[in-house]
> 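My questions will all concern the structure given below.
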Amino acid sequence: MAKRDYYEILEVSKNASESDLKKAYRRLAMKYHPDRNPDDGDAEVRFKEVKEAYEVLSDPQKRSAYDQFGHAGVDPSAGGGPGGGGFGRGGADFSDIFSDVFGDIFGGGRGGGRAFRGADLRYRMEISLEEAVQGVDRDIQIPTQVRCDECEGSGAAPGSEPVTCQTCNGHGDVRVQQGFFSIQQSCPRCDGTGQVISDPCRKCRGKGTVADQKTLNVQVPPGVDTGDRIRLSGEGEPGEQGGPPGDLYVEMVVKPHPIFTREGADLRCDIPLSVTTAALGGEIEVPTLAGRVTLRIPAGTQSGKVFRVRGKGVKPVRGGTHGDLLCRVMVETPVNLTARQKELLEELSETLEQDGEHHNPRGSSWLDTVKSFFDRMKL
């Protein structure tokens, strides 16, 4: 049985944000969780589908693979992958969903001195077609946050120091009673840190960090294309309360090329061809990304004919055979003719007409089609 589309399962569009995915997952997980639907086999199946879809789409790498290759791009049976494990093994426990939802409603999600992973960042890197095909090493500069040297990261002005928060007594979280529920949430005064800065540092304004730039080296493998991403682990935003940093995703954008266009593993280009070479045949030199090659043109070649040069395309970054170069010849009509050249062409035209339709097979066929069309209109 074919699997349903993950976006359809979560009832979101394909350009849904991380926040949209999370909201949809919470809503559907609450709706179909087996604890709320005892003895309902359909609800259990739907819950498993929702869980699997969210585990794939909430992971940037898995989502990218799914968007490009569909279900074949992700492996539901792999350890830790979508569908791996049951309700109580690395999955979405009902209590986690419940507390997560109510934690957001009442402003929670940061309490208890917990460490939080930093956000992922995205950087768009423009590269040439040659760099995409052959690979390249490139240094990039991205904004970052570094420890403030004036307050040494404390956030407090020199000569002062943070004091214990009186609201939470330094615990970082408080409990809020909402009817029958007691919700633990981040302290609204100290934002879960357990400390309050009464005299903040003027340079960092109490944050403990200041904006800076850092240089990173990105090794682009051969064969990448627009939309491919490279993950630099730990190069995203710094974590909060001692949490790990996020990742940096470098997204490739291949700039248009003056000669070639790319279609998967193949390259395409248009080659201008003179009337005489098209009629009489000959050899022409055509460019490739690896140098020039000779292309043999048979006599009587028509404009738009495509010639394939094997192995002169792109070797995909994910493996596979080398693509080809597809050369489309475009026969050019001569311009700026001299009187003698016009005279020669007129003589050629006369001789062609004397021989009948033998020299213009396409034109003759087209005229026959037009004649049949008008004959049918007369009926």
Side-chain angles (χ1 to χ4, degrees), residues 17-22 58-64 104 107-128 131-132 135-165 168 170 172-173 186-221 224 226-255:
S17 65
E18 292 182 11
S19 177
D20 293 336
L21 291 171
K22 191 172 185 179
S58 63
D59 184 295
Q61 280 188 309
K62 293 178 181 177
R63 182 175 182 178
S64 177
D104 279 358
R110 292 176 176 266
R114 299 186 311 225
F116 290 88
R117 181 180 181 273
D120 293 334
L121 299 178
R122 184 180 70 168
Y123 180 92
R124 290 169 61 87
M125 176 189 287
E126 285 194 347
I127 58 177
S128 67
E131 292 172 331
V136 66
D137 280 6
R138 178 81 63 81
D139 287 338
I140 61 173
Q141 282 195 330
I142 63 169
T144 187
Q145 294 286 327
V146 298
R147 192 173 77 160
C148 176
D149 56 2
E150 186 166 324
C151 66
E152 297 183 348
S154 69
S160 66
E161 59 183 21
V163 297
T164 300
C165 176
C168 64
D173 53 32
S186 174
C187 175
R189 185 182 181 193
C190 66
D191 198 26
T193 63
Q195 295 181 320
V196 175
I197 300 174
S198 57
D199 186 12
C201 171
R202 294 184 178 180
K203 184 175 181 178
C204 67
R205 299 181 179 180
K207 292 176 58 180
T209 59
V210 293
D212 198 3
Q213 294 276 337
K214 65 179 177 180
T215 302
L216 299 174
N217 179 260
V218 181
Q219 296 182 355
V220 181
V224 297
T226 295
D228 288 337
R229 299 192 302 176
I230 298 174
R231 184 179 70 171
L232 300 183
S233 181
E235 299 295 352
E237 287 189 353
E240 297 182 15
Q241 302 181 29
D247 298 331
L248 172 66
Y249 289 88
V250 182
E251 182 176 337
M252 299 293 109
V253 178
V254 181
K255 295 181 289 188

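On a predicted model such as this, the values are computed, not experimentally measured, just so you know.
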> Is Glu131 close to Val220 at the side-chain level, that is, under 4.5 Å between some pair of heavy atoms?
no
> Can you give me the closest heavy-atom contact between Cys204 and Val210, atom names plus distance?
CB-CG1, 3.8 Å
> Rounded to the nearest 0.5 Å, how far does CD of Gln61 lie from CZ of Arg231?
4.0 Å
> Could you tell me which residues satisfy side chain to side chain contact (heavy atoms under 4.5 Å, CB included) with Ser58, sequence neighbours excluded, listed by chain and number?
Tyr54
> By side chain to side chain contact (heavy atoms under 4.5 Å, CB included), which residues pair with Ala157, not counting sequence neighbours?
Ser160, Asp199
> Check Ile230 against Gln219 and note the closest heavy-atom contact, atom names and distance.
CD1-O, 3.8 Å
> Just jot down the side chain to side chain donor-acceptor pair (under 3.5 Å) partners of Arg202, sequence neighbours excluded, or say none.
none
> About how many Å separate CG of Leu232 and CD1 of Ile142, when rounded to the nearest 0.5 Å?
7.5 Å
> Does atom CD (Gln213) have a neighbourhood of more than 12 heavy atoms from anything else shown, all under 6.0 Å?
yes
> Tell me the closest heavy-atom pair linking Gly236 and Pro245, and the distance in Å.
O-CB, 4.4 Å
> Quick check: do Thr215 and Gln141 have side-chain heavy atoms less than 4.5 Å from each other?
yes
> Pairs in or reaching into residues 245-254: which pass side chain to side chain donor-acceptor pair (under 3.5 Å), with residues at least two apart or in two chains?
Arg117-Asp247, Arg122-Glu251
> Once side chain to side chain donor-acceptor pair (under 3.5 Å) is applied, do any residues pair with Gln195, and if so which ones, sequence neighbours excluded?
none
> Using side chain to side chain contact (heavy atoms under 4.5 Å, CB included) as the criterion, list what pairs up with Thr209, not counting sequence neighbours.
Gln145, Lys207
> Could you tell me which residues satisfy salt bridge (Lys or Arg N to Asp or Glu O under 4.0 Å) with Lys214, sequence neighbours excluded, listed by chain and number?
Glu235
> Just jot down the salt bridge (Lys or Arg N to Asp or Glu O under 4.0 Å) partners of Glu237, sequence neighbours excluded, or say none.
none
> Side chain to side chain donor-acceptor pair (under 3.5 Å) with Lys203: which residues, sequence neighbours excluded?
Asp149
> Quick check for you: to the nearest 0.5 Å, what is the distance between Asp212 atom CG and Cys148 atom SG?
11.5 Å
> Would you list the pairs meeting salt bridge (Lys or Arg N to Asp or Glu O under 4.0 Å) in which at least one residue belongs to residues 152-165, sequence neighbours left out?
none
> Going by the side-chain contact (heavy atoms from CB on, under 4.5 Å) test, name the single residue among Val250, Thr144, Leu248 that passes it with Leu216.
Leu248
> Please check: side-chain N/O of Arg229 versus main-chain N/O of Pro60, any donor-acceptor pairing under 3.5 Å?
yes
> For Ser19, which residues count as a side chain to side chain donor-acceptor pair (under 3.5 Å) partner, sequence neighbours excluded?
none
> For residues Gly194 and Cys168, report the shortest heavy-atom separation together with the two atoms involved.
CA-SG, 4.1 Å
> Would you please name every residue forming a side chain to side chain contact (heavy atoms under 4.5 Å, CB included) with Val163, sequence neighbours left out?
Val196
> Is there a side-chain contact between Ser128 and Val136 in this structure, where contact means two heavy atoms from C-beta onward sitting under 4.5 Å apart?
no
